Number of protein chains: 2
Amino acid sequence: MNATARYKEIANILQVEIASGAWGVGDKLPAEPELIKRFEASRTTIRQALAELRDAGLVQMKHGVGVFVSPPRVVKRLDSRERLSRARRERNEGAFLAEAKAQGFAPTSSVRVWFEPAQDFAELFGIEETAELCVRDRVMRADGKPVMLAVSRLPREITRGTALEEVDTGPGGAFARLEELGFELTSHEEIVGARMPDANEKQMLELTSGPVLTVQRRTYSNGRLVEVNDMVMPGASYELRYTWDAD
Amino acid sequence: MNATARYKEIANILQVEIASGAWGVGDKLPAEPELIKRFEASRTTIRQALAELRDAGLVQMKHGVGVFVSPPRVVKRLDSRERLSRARRERNEGAFLAEAKAQGFAPTSSVRVWFEPAQDFAELFGIEETAELCVRDRVMRADGKPVMLAVSRLPREITRGTALEEVDTGPGGAFARLEELGFELTSHEEIVGARMPDANEKQMLELTSGPVLTVQRRTYSNGRLVEVNDMVMPGASYELRYTWDAD
DNA sequence: AAGTGGTCTAGACCACAAT
DNA sequence: TTGTGGTCTAGACCACTTT
C-alpha cells in the first residue's frame, strides 16, 4: 500500500468536508462524473473512495439516485438490567414499547409465530432434539424504520395453549405471561458480539453499511432456561449498557 | 444489482469450497491469475469476489504473499462480572493475564503512560477540564498477536506518586492498587458498541476486515468515578458475556 | 528476479429511479 | 428519456515478499 493511496486521499478530503458541514445530513454528494472531474481520477478510484466513506458509515449510496450524507450516529442506549425489571412489567410495559415511548418515537412491531423441532437448541434447553419450540420472530420498528430483529425461542412444553403462542402476548409482554405461568424469572445472561450483517439482515434492517450488534439473551427461572432471544441491531445506532455491583 | 452479480457468484462458490474443506485453515488460495483462468473473469471481478470473502472474515489477504483461509471464529468469551471480581485480584491476577493463562496462550502487553488535561473527560469525572488525568495506553497480545487495545484514564489526583503511574502496576493490577489506596471498588458500568475500525486500530490489531467491539468501562468507588477504560477488540474473536439476577 | 497482491486507468453496458 | 449508481473488462504499473 502506498503511503497515501489516491482513493484514501480522496476519501479523506470528502470526509473532512462532510465533517465541516460542506454538505448537511441527507444532502446528496456530487455525482460520480463531477467527482471524476474534480479529483482528476478514474471512476474506479472515485468509487473506491466512496466505498470507504460508506464502510465508515458516513454516506449511503442509493442506486439510481445518488450518494447521501448519513445522519450522525444517533445512539439508543439500552440498559439491559433496567429494561427487563419486574417494575417495568408491572407497569404493563414490554421492554421495547416502553423504550420507544420514552424516546418519543412511534413503535410498531410485526410478529410471526411458528413451531419447530429444537435441533441446535436442544442441548441449550436440555430437551430432545425433536421436542418442539415456540418461535417468535419479530421485527421492531421505530417510526416505521426497522431497528431490531429478534427471534425468541421457548420450549413448547411451556407455551402450549397460552398467550405466548399468540401474536399479541398481552400486557407486560412475554415475561409477564411466563411469570403468570409460575416461571419466576430469576436470572438473565446476555452474550454480545459484533459481525457484518448477512444479506437478509441487510435487507430487513435497511442497512447499507456497517456492522451489527448481536445479543443472545438467555432467561432462567430457578435454574431452568425458559427463553433464548437472538437479537440483531445496527451497530451504528445502538449502545448496550450493563451495570453491576462489585463483589 | 443483478439477481446474481458475477463477483458474488464467485465469492459464493469459493465460500462453499472453503467451508467444505477444499482448503484448510491457513492454506493459500489459488493466486489471482489462476482464479481469472478458472472463472473466466477479469481481475477486477475476481478481486471484488475476494474482497467479499475478506469482509466476511473468511480469508486474509497478504500483500506480496497470497490469500489465506482464516481460522474459524475462535471466540474468547469474556465474562465481565467474573473477570473483575475481588477474588481474582486476591490471587494477584490482573484480568487479562488471568484469562490468558486460563486459555493457554502466552500473554504479553505493552504499556505507555502519560498525563494530560481531562478535557472531554472532565464532565464524566466531575473535575476541571485542566485537571490532569493519568492515561495508561495498553496493547494486549496473545502469543504475540494483538487482541485488544485499552486506554485507561484515572484522575491524577488519585494516582500521583503511586504505582498506577508506573508501567508495571504490580500484583493484582491497577484495581488492586486502587483498593490499597482506600478506593473500595463498588460498581462497574460497561457500555458496548460496534463499529468499523479506524486506520490506526486496523493496524494495531492487524485487522484486515470486520468490525470491532468497543467497551467503555466505568468503575466507581462509593459513587465516585475512579477509572474510565476504553477497550477495542476484534468483533470476530470476542463475545462478551453479562449475567445478572432478575430484580 | 519472480510471483504475489494493491492501485489505477479508460471505457463499456446494465439496473434503478426520477422526470 | 435522462442521470444515477452497479458491474465488468483488459491492461498497466507499483509495492511487498520470497527465492
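Quantities reported herein were computed from a predicted structural model and do not represent experimental measurements. Protein chains get the first letters and strands the later ones, always in sequence-line order, with residue 1 at the start of each.
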Would you call B:Arg241 and A:Glu189 a salt bridge, using N to O less than 4.0 angstrom? yes
So, OP1 or OP2 of C:dT9: does either fall under 4.0 Å of a side-chain N or O from A:Thr45? yes
Measure from the side chain of B:Pro33, starting at C-beta and using heavy atoms only, and say which of D:dG5, D:dA12, C:dT4 lies closest. C:dT4
CD of B:Glu32 versus P of D:dA12: gap in Å, rounded? 17 Å
Name the residue closer to the 5' end of DNA chain D, choosing between A:Arg47 and B:Gly64 according to the nucleotide with the nearest heavy atom. A:Arg47
Within this structure, what is the CD1-to-P distance between B:Ile46 and D:dC8, rounded to whole angstrom? 10 Å
For A:Lys62 and B:Ala41, take the nucleotide of DNA chain D holding the closest heavy atom to each; which residue's nucleotide lies nearer the 5' end? A:Lys62
Nearest-Å distance for atom pair CG/P, residues A:Leu50 and C:dC8: 13 Å
Flag side-chain contact, heavy atom, 4.5 Å: B:Phe39 against B:Glu9: no
A:Phe68 CZ - C:dA18 C1' separation (whole Å): 11 Å
Rounded to the nearest angstrom, tell me the gap between atom CD in B:Glu34 and atom P in C:dG3. 12 Å
Under a 4.0 Å threshold between the charged nitrogen and the carboxylate oxygen, would A:Arg112 count as salt-bridged to A:Glu166? no
Closest listed nucleotide, where the reference is the side chain of A:His63 and the choices are D:dT9, C:dC8, D:dG5: D:dG5
Measure the distance from NZ on A:Lys8 to P on C:dC8 and round it to the nearest whole Å. 10 Å
In whole angstrom, give the distance that lies between atom CZ of A:Arg43 and atom C1' of D:dC8. 11 Å
Between C:dT9, D:dT4, D:dT17, which nucleotide has the shortest distance from any of its atoms to the side chain of A:Thr44? C:dT9
Quick check for you: among D:dC8, D:dT9, C:dT7, whose closest atom lies nearest to any side-chain atom of B:Arg6? D:dC8
Proximal nucleotide (of C:dG5, C:dT7, D:dC8) relative to the A:Tyr7 side chain: C:dT7
Looking only at the side chain of A:Met61 (C-beta and beyond, no hydrogens), which of the listed nucleotides D:dT9, D:dG5, D:dC16 gets closest? D:dG5
Can you check the A:Ile36 CD1 to D:dT4 C1' distance for me, whole Å? 12 Å
Hey, does the side chain of A:Thr45 reach the backbone of A:Ala41 with a donor-acceptor pair shorter than 3.5 angstrom? no
Flag the pair B:Glu227 / B:Arg217 as yes when at least one side-chain heavy-atom distance between them is below 4.5 Å, and no otherwise. yes
